[in-house]
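Worksheet: the structure to be examined is printed underneath.
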Amino acid sequence: MSNLYLIGNWKQHGSHAAIQAFAGEWSFDPHAQLRIAVAPPFPYLQALAAALPDCQLAAQDCSVHLQGAYTGEVSANMLADFGCEFVLVGHSERRQYHDETDALIAEKLAAAQSAGVTPILCVGEQQAAREAGKQDEVVRAQLRSALATAQPNLLIAYEPVWAIGTGLTATPDQANEMHEMIRQEVSSLFGASHATPILYGGSVNAENADALFACPHVDGALVGGASLQAASFMAIAQSASNNLSH
Ligand code: PEP
């Protein structure tokens, strides 16, 4: 079996005290094929790296620019300089609250790749598209536009928007079907020899993780709410690890 990935997205949550509490509880035997990373808000990257040396670092966003007069922006080069392994690109909350377009997302993806930071491209349909049976069409369009000029070194997170932070999770069958479709689409863009990891995101928790990791096309999880507490994040990591050992 290939690697599994577990990425925690802390969104706009965290504090030094929360990081110390998390690190104090964190005790997880690393599995050679399980890569765990946490994406805190930018100001906490350094504290997290010091407190959780077993986990890799991820950022939640990056600028399309390498440097310059762009107040408030953080470049992918700065993330690389800092030792960030991954960066989320095109999270639905950035698409929704910051009007990120597919074109901008493609530029961010290219900036991350050129800096040597692995982008995690987030795609997923809204509830209305799912109800209309248009989830394949929507996700395919997001992939085609983000990946038109991209290199193959990336991860993809399928995150149905209706499942993010709602407590609703895609069923394992729904997730697996979408991941299979995404895999075919990515193979047609990059060639079948590139095994792009495809993570599921959307209310993953300690209770549903086993069933999701057991899906043949699910290569890991992007976890929001349940990554904020060490106990629930460790339980999800344990599910991933058990799945790798089967
Ligand atoms: C996310 O932040 O990408 C996410 C999937 O959040 P949650 O797990 O809380 O649904």
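Side-chain atoms are counted along with the backbone in the values below, which use heavy atoms only and exclude waters and symmetry mates. When a ligand or atom number is given, it counts from 1 through the structure's own listing order. Throughout, numbering of the chain's residues begins at 1 and tracks the sequence.
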ask   = If you link I, L, V, M, F, W and Y whenever their side-chain heavy atoms are under 4.5 Å apart, who else ends up in the same group as W162?
value = L168
key: Q113 side chain reached by L154 side chain, heavy atoms, under 4.5 Å   = yes
request  = Answer yes or no: does atom CD of Q174 have more than 12 heavy-atom neighbours from other residues, nucleotides or ligands under 6.0 Å?
outcome  = yes
ask   = Do Y70 and V64 come within less than 4.5 Å of each other through their side chains, counting heavy atoms only?
value = no
task = Could you tell me whether the side chain of K108 reaches within less than 4.5 Å of the side chain of D61, counting heavy atoms only?
result = yes
inquiry  = Show me, by chain and number, every protein residue that has a heavy-atom distance under 4.0 Å to ligand 1.
reply    = N9, K11, H91, E159, A163, I164, G165, G201, G202, S203, L222, V223, G224, G225
inquiry  = Looking at E85, I want to see if its CD is surrounded by more than 12 non-hydrogen atoms of other residues, nucleotides or ligands under 6.0 Å.
reply    = yes
